[in-house]
Q: 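Below you'll find the structure I mean.
Letters go in sequence order (proteins before strands), and every chain restarts at 1.
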Amino acid sequence: MLDNVWLIPLFPLIGFLINGFFGKKIKNETIIGAIGTGAIFCSFIVSCGILMELVGLSPEKRVFEKVMFTWIQAGNFKADMAFLVDPLSAVMIMVVTGVGTLIHLYSIGYMHGEEGFYRFFAYLNLFCMSMLLLVLGANMLVMFIGWEGVGLCSYLLIGYYFEKKSAGDAAKKAFVMNRVGDFGFLIGLFTLFWWFGSNANIWTINFMEIKAASHLLPYGGVVTIATLCFFVGATGKSAQIPLYTWLPDAMEGPTPVSALIHAATMVTAGVYMIGRMSFVFIKAPETMMVVAVVGAATAIFAATIGTAQNDIKRVLAYSTVSQLGFMFLAMGVGAFTAGIFHLMTHAFFKACMFLGSGSVIHAMHHALHHGHLHDDPQDMRNMGGLRKNMPITFITFFVSTLAIAGIFPFSGFFSKDEILWQAFSNPFHGNLNILLWGTGAIAACFTAFYMFRLVFMTFFGECRINSKVKDHLHESPLVITIPLMVLGFLATVGGFIGMPKVMGALPNYFEHWLDPVFELASEYGKTYAHSGAHYSHALEWGLMGGSICIAVVGILIAFTLYVKNTGAPEKFVSTFPALHRAVYNKWYIDELYDFLFVNPCKSFGNLLWKGFDVVIVDGVVNGTAKLVMGFSAALRGLQSGYTHNYAMGMALGVVAILAFYVFR
Amino acid sequence: MENIVIPAINMAVIAPEVILSLFAMALLLINVFVKGESKAYLGYLSIAGIVVTLFSVVSGWGCPAEGFSGTIVQDNFAIFFKVIFLIAAAMSILITDRYLEREGCNQGEIYPLILFATVGMMLMAAGTDLMTIFLGLEVLSVSLYILAGFNRGSLKSNEAGLKYFLLGAFSTGFLLYGMALTYGATGTTKVAKIAAFIAQAGINSSNLMLLAGMLLMATGFAFKVAAAPFHMWTPDVYEGAPTPMTAFMSVGPKAAGFAAFLRVFLVALPALKAEWTWLVWVLAVLTMTIGNITALYQQNIKRMLAYSSIAHAGYVLVGFVAGNAVGTAGILFYMLSYAFMNIGAFAIIILVGKKGEENNNVSDYAGFGYKHPILGIAMCIFLFSLAGIPPAAGFIGKFYLFSGAIQAGYIWLAVIGVLNSAASVYYYLRVMVFMYFKESTEEFGWVKLSPAFILCLLIAVAGVLIPGVLPGVFLDLAQKALFM
Amino acid sequence: MLSINAYLILSAILFAIGTIGVLTRRNAIVIFMCVEMMLNAVNLTFIAFSKYLGNLDGQIFVFFVMTVAAAEAAVGLALMIAFFKNRESIDVEDMNLLKW
Amino acid sequence: MEILFFGLVAAIAIISSILVITNKNPINSALSLILTFFCLATLYVMLEAPFMAAIQIIVYAGAIMVLIVFVIMLLNIRSEAGGRTNHARFLGSMTGVLLLILTWTVIGKSSLTGAKGAIDSAMIAKVGHTELIGKSLFTEFLLPFEITSVLLLAAIVGAVVLSKKKL
Amino acid sequence: MNEVILSLITFLPLAGVFLLLFIPSENKGLLRGFTLAVTVVTFLASLPLVTGFVTNADYQFVMKMPWIQAGPFKMNYHVGIDGISLWLVMLTTFIMPIAVLSTWHAVEEKVKGYMACLLLLQVGMLGAFISLDLFLFYIFWEVMLIPMYFIIGIWGGKNRIYAAVKFFIYTMVGSLLMLVALIALYFKGMATGAPDFSLVNFFGMNLDPATQTWMFLAFALAFAIKVPMFPLHTWLPDAHTEAPTAGSVILAAVLLKMGTYGYVRFAMPLFPQATERFTPLIATLSVIGIIYASLVAMVQEDVKKLVAYSSVAHLGFVMLGVFALNQMGLQGGMLQMLNHGVSTGALFLIVGIIYERRHTRLITDFGGLSKQMPVFATIFMIVTFSSIGLPGTNGFVGEFLVLLGAFESNLRWYAIIASSGVILSAVYMLWMFQRVMFGKLDNPKNQKLEDLNSREIAIMVPLIFLIFFMGFYPKPFIDKMTPALDKVITQTRLTKPVAAQPQMLPAAMPHEQPGLESPAMPAGQPAMPGAMPAGHPAMPGAMPAGHPK
């Protein structure tokens, strides 16, 4: 089975090709949907087989590389088209194909009747292929194909409703910001490649080879530079400060896209990449610190914005950014397993929530359409009380919300708590630990608050929509609700595979599974870890309880403000208008970027074009021509037609020549 | 009283000149005695004469001989130039007849005059005595004055002839003065003896009289080849003269001027090379630059080609500066190819013209390339060759000239030369811009091809393309024609 | 004994005067006369040299120069007549149809 | 004595040549030029070139100048109206003066170096100038002499072409 | 047989031109068909080059015949290809049928002349690529100009005359100076025993630095204009904008490669020391070019101009890679040349396609075309992403290798700055794409646009195929060119004055040990910056004046 790993990306590719080339002719949505879903489902089956086979091997042997062909070979540089299967990528392919399958299925229902149905499925398949390439890539360059490939698909899917200007803008923004990240990725790659080559004469970009040679890497120095560059790549892809602004805008895409790409898979690529190269990152303490700080900062920053958004998907988007921040926090504190764990659970519950919101929007849209109203179907202020109309959606959404809020025993609790605990107890960042933990904890509180705000605004209270259309709000069809239920279930129980040791009820399967991957990293980490300070179990229990409390506090605030005392938010807004405006407008970061980068680039471009190119360069060229023409006119003037002048010229010529030779 | 002992007369040496002169005289007689409106037969007869002369010239190739007490010589150098003159004369004659008919000055004397001019040029090329050269030059000049003013009904032609005459006579004064001083400094007028005397007496550049003689001769020759600042007559005369004669003048006399210039300076005055090299350097730069730059502004195509011919003289002077085998061979080759391309271009100009108004403005060529595609292509070939763009002969010629300069170490001169070439492209392209890139505004009057024209154009095209693509044999001949 | 330089300088003076004449006069015939004067100045140089050097080449040259002068006179005057017929003038300032 | 005579002739020559270029009337110019030619002929005699002096008179004064005067009469050319601008005159004169200075310097600074020939006064006196010229002309310089025939023919043809009645 | 293939494919189009003259001008279909047939046959005839090419550094399919033998000059008709020119020849023969097809209906007037010009152009381009004789190369190099001049000038847009003349004179100035250097080189070579003008004679001549410097500058100028490098690029937007589609395609796909090819084939291996000396300058200009052109492209209002500026940026990458002077960089540069040929060629075709329909190229005149022209949109998008350099498309491989190569060489910082061009390219291309293809289809003129017809699809398909093929499997391309490029590298690095070093070192820098390592380094490994000063030749002033007066 392992040998057939190449099938995994192949199926979606086939699906893409069929739908892409013939989708328009097929027309039948069921067939198109079946092809798309079937393709990814086949991948899922293969992935399961691979996972099984991997489980059957002893932990040290769980690394397998499949070389397809040499892709680029130039000088010392060699990149094979090769796939790497190890526990980490196994987790990822499971997540990608699993969640992917569900979302494909969901899309059949959700995208029903859309004009570009086939196109959508083609893109979705293409995305899955790219994502699978990303996670399976055995070297940085294959990963980079996937890395940019998912960016492309994200571009295509965000711009799916290309007739909307905002969609086009968002798509472009997403791609460009990703590109900024890719720039970092490339430089990081170059640096690493160069360092190994010139210092150790190891010319490679293959992960396993780098891993084998990683003991040669120094701590800090060039590794810091390389890893920071990689991290820039990660911030681009995973929407971290400062490159996060594209993700909320990306909600212009259809909701399944948001679920798959902008929640479950693509945006976690940065986290995965750090995990993949943990043995390099750990050698750069400064980078680790930066990762942790950026992660924590993003977590709280995005959370604050999330509190003031009214668009249901936007809230989820900021929540995603925030949760990704958690993951990076985990990576930054050396808790790679926890980071990946959160990645997985987040995939479950966030996908579930996005799909749930999609279900809501679908219903709202339907209802509004019926009533010929032009209200925004995504605006939560129009919703309310939907739990009665859409029970399945509500339940799945609710459990997912509990999971993200970190309520025991939902999956999010385990992963998030692990992260917070690691942030507190990690041996790397000295005094920063408390700050990291504190930030994470507050962010968790905010998370609980705004998520429940969302739930309360959407599903509780009275329906604020026009009563005429209220009756048209229906639960979505099965094809939509089945994925919701599966994901809801996973969001509920998914955490048990990674139960903390202190609880001891179950072994931490997840950690054991990933241990071989991060073994080396933790080994390197030890060499510069501060005091092996051991924290008591009691403290761990205490913090665990504390984080639940924090979550509950957040929920309670939300409950108070949006269920009990619904007038309070307005009051709050009127008390602190500036703050609200700032938060509502996302702290004006987009405007800041426009001011700092976009507009200067444009005006500089204009200046260069109309100033430099046209005036100076062409000016010199045309000026030379003009000058010569001027000379021409002047010389022509000598040619007066008068014989005297000609004779004079000759005589003067003679005189000059003679004079030069006679008097020199 | 002693008897006059007539020295050995080697008639073979002057056979071409004699033949051509005889033909010219015969034509004069025929012209008087045979009446007829069309004088084309005279043209054909003179072509016949030229062909015969050509054979006579070519037969001397490779057998150097001296005649008339060293006043004239038959060497490959002279022969090569004579071939150029004959080609130029023949091609000009081919395009003369129709033109004269159109302009209404169809007088048969023009053909003998062209032949006389050709004789003069041949004497310039072959003369090894300053007197022979001077007289050859005068035969040429006197004929040319008349040819320039030949269309006596046309004020422009009168003016051209008169201007040419006055300025030519003026420059003759300087040339003569130079010859006189040279004679004074060396005691002889024979180029070989001058060189021998300078070498034997150890005269060097500190001898001001010789130096001044050299400089004044240089100005005289510079006038003939239209080098700046002695070029100013050229545009006016070329513009005013009957077009076929312009074609002839721009090629033959220029080549003859160079032939004499080269012979006097390279054979008689090599000792002063260090001196005249810099003079010629400056002349070359001035000539190229002034010619090209002024040409940029021209609207009248004849005038433009006149300036261009000044520029071409400049390029040739570059080869002169080099003074080495490559450069000199370059001059020979270049003059040969220049004959084809320039006369070819003028032939087209004649075709485009009408009586009275000759349609000589560049803008009159709008759409010409479409109305007459074949002529258009031919014109393009000539212009590209003039601009020095491969694979035309003009390119090879320039290549050789500049190579000579580079070989001799005059890199800057070569650089100035190529930059000039680049500038020149502009005005040649301008004609093509009108020919192809603009729509025609009016009809072209008089494109009536006669067999003579076709022949001339064919020769010109072949003469541009064959040496352009396969220059080897021509260059080889040019190399063999050097007297060093 | 009179130095040859005297002759040479006289001829230089005449040559210069001839040049000045060419440069300053407007009448084509006068200009031509001035050119003739220049040629004569050169002739004087030739003959002076010839005498000094003791060979006759210079004098032969003068002989030819005279011939040339004659030929030029014939042609030149013919040209002037032709021009005059059309333009009613032989003033060189009137020869300005061809320029630039 | 000789110097004095030379000085006199030279002075006349210079004055008459200046008159050539200053006289407004072309006829006067022509007459002055003839005077100059005579002076030159005198000098030729002084330089032991009597034959040259003779043809100077015959060809120049006799033929060429007559032709010129004839043409002047024919064309009925009046005096130059106004003449050139002072500016141009000045420039032209200065150029001529510069030229003179230069040639003078050249002559003054250089010693004559040319190869001496065998013909001295004695030989001229013995053989006769004309004979010497003739010999030279028909032996050594036969070819140039023949060329003059072509030259003159061309000139004649040219003159005829340009001025014959029927076009 | 092998010897004549190159001559065959080069002069086949010329024969085509002669036959074309006998086809009546009115029969446009036949004219087009015939030209297409000629180009296709040429392409087919060139296929044996790939199959018969043996992967080594030698010149292959060589044919050498005496041509001009006069005086000191011996020029031969000496043609042959190696891994460098092989692909450029193939690119040329491949692009030509596409170019012919691209203006099938766009050019309705003077079809005969147009087709003749295209074929002549092909002769010039192929000739320049296959020439192994410097003189022959120069001839073809110049010959190329003529048909292109007419193509732009006759069948071009509104401002065509200006563009054509500018194109011609710009190029002419550079190439004439190159001619001077070329001649000088020949004489230098003759002094050291070069028997003829063949290129191989002039490698490793050990010219003195001053001579090298000015010769290199002359060559570099000619090539830089052709490339075009900043700041000599201004002719390109004009020429591109005004040229008809086929002209733009050929200009972008092949003609610009002449410049970069010239560097690789001539300027660098001939003048190694000068190359080393000017590498920083050229790298700087390349990087400026990348950023500059990208910024300028961003604000263009005319699609074609935008693409033209993007060309400048792309070629900046090529130049950077080439001057990285290591395997990766050179291979990347070469590959990027091919990529640029394919993808920018395709972009110009695309622009041509919409121009043909709408007769405007202003971005603001479009918008929302995706809806009306989905096939077009797809193809456009693929090409756009190829141009951006998305992994999986050809653009990526080249760009990546270029940057990697530059990064591994002394040009590290240049590579880093250049990498930001990757971002900018995404910005301007996507912005353009968005404005043209996305949004509402609100311009009524656009609402009746027809999607691609089969001819247009037929011309795009091979390009799209190549985009992906070269993106996923560039190996055959790279493999075939590698030995030749290695040779270039050794030639260019050969003349570090190793002999001079021991004498200079003790006095100049007695303790600078790293300097000694540079010659000992394995080939392909970049010399460290620290190693430079020792190996660097003395400045020209210190050398005996080799400059002729």
Q: If you look at every heavy atom in B:Ala180 and C:Val42, which pair is closest and at what distance?
A: CB-CG1, 3.9 Å

Q: State, to 0.1 Å, how close B:Arg152 and C:Ala82 come at their nearest heavy-atom pair, and which atoms those are.
A: CB-CB, 4.4 Å

Q: Can you tell me which portion of B:Ser141 sits under 4.5 Å from chain C's heavy atoms? Options are side chain, backbone, both or neither.
A: neither

Q: With a 6.0 Å cut-off (strictly less than), is the heavy-atom count around CZ of B:Phe197, excluding the residue itself, greater than 12?
A: yes

Q: Please state whether the rings of C:Phe15 and B:Tyr177 are parallel, tilted or perpendicular, taking 30° and 60° as the class boundaries.
A: tilted

Q: Going by the rule salt bridge (Lys or Arg N to Asp or Glu O under 4.0 Å), which residues pair with B:Glu109 if we only count those two or more places apart in sequence or in a different chain?
A: D:Lys164

Q: Find the one option among B:Gly173, B:Gly184, B:Ala185 whose heavy-atom pairs under 4.5 Å with chain C are most numerous.
A: B:Gly184

Q: Using modelled atom types and a 3.5 Å cut-off, is there a donor and acceptor pairing between side-chain atoms of C:Asn55 and backbone atoms of B:Gly187?
A: yes

Q: Between B:Leu162 and C:Met95, is there a side-chain heavy-atom distance shorter than 4.5 Å?
A: yes

Q: Side chain, backbone, both or neither: which part of C:Val62 has a non-hydrogen atom closer than 4.5 Å to chain B?
A: neither

Q: Name the option with the most non-hydrogen atom pairs under 4.5 Å to chain B; the candidates are C:Thr67, C:Ile31, C:Val65, C:Leu8.
A: C:Val65

Q: Please state whether the side chain, the backbone, both or neither of B:Ala148 comes within less than 4.5 Å of a heavy atom of chain C.
A: neither

Q: Ring pair (Phe, Tyr, Trp, His ring centres under 6.0 Å) between C:Phe46 and B:Tyr183: does it pass, once the steps are laid out?
A: CA-CA 8 Å; C:Phe46 264 123; B:Tyr183 166 68; 5.8 Å; yes

Q: Which region of B:Phe174, side chain (C-beta onward) or backbone (N, CA, C, O), has a non-hydrogen atom less than 4.5 Å from a non-hydrogen atom of chain C, or is it both or neither?
A: both

Q: Do C:Asp57 and B:Met131 have side chains that approach each other closer than 4.5 Å (heavy atoms only, starting at C-beta)?
A: yes

Q: Is the shortest side-chain heavy-atom distance between C:Phe49 and B:Leu181 below 4.5 Å?
A: yes

Q: Do C:Met38 and B:Phe170 make a side-chain contact, defined as non-hydrogen atoms from C-beta onward lying under 4.5 Å apart?
A: yes

Q: Under 30°, 30 to 60°, or over 60°: which ring-plane class applies to B:Phe165 and C:Phe32, parallel, tilted or perpendicular?
A: tilted

Q: Side chain, backbone, both or neither: which part of B:Met179 has an atom under 4.5 Å from a heavy atom of chain C?
A: both

Q: Considering non-hydrogen atoms only, spot the tightest contact between C:Leu98 and B:Glu159 and give its length.
A: N-OE2, 3.2 Å

Q: Could you check if a side-chain atom of C:Val35 sits within less than 4.5 angstrom of a side-chain atom of B:Leu166, using non-hydrogen atoms only?
A: no

Q: What part of C:Asn96 lies closer than 4.5 angstrom to a heavy atom of chain B: side chain, backbone, both or neither?
A: backbone

Q: If you count heavy-atom pairs under 4.5 Å between each of B:Leu135, B:Thr189, B:Leu130, B:Thr172 and chain C, which one has the most?
A: B:Leu135

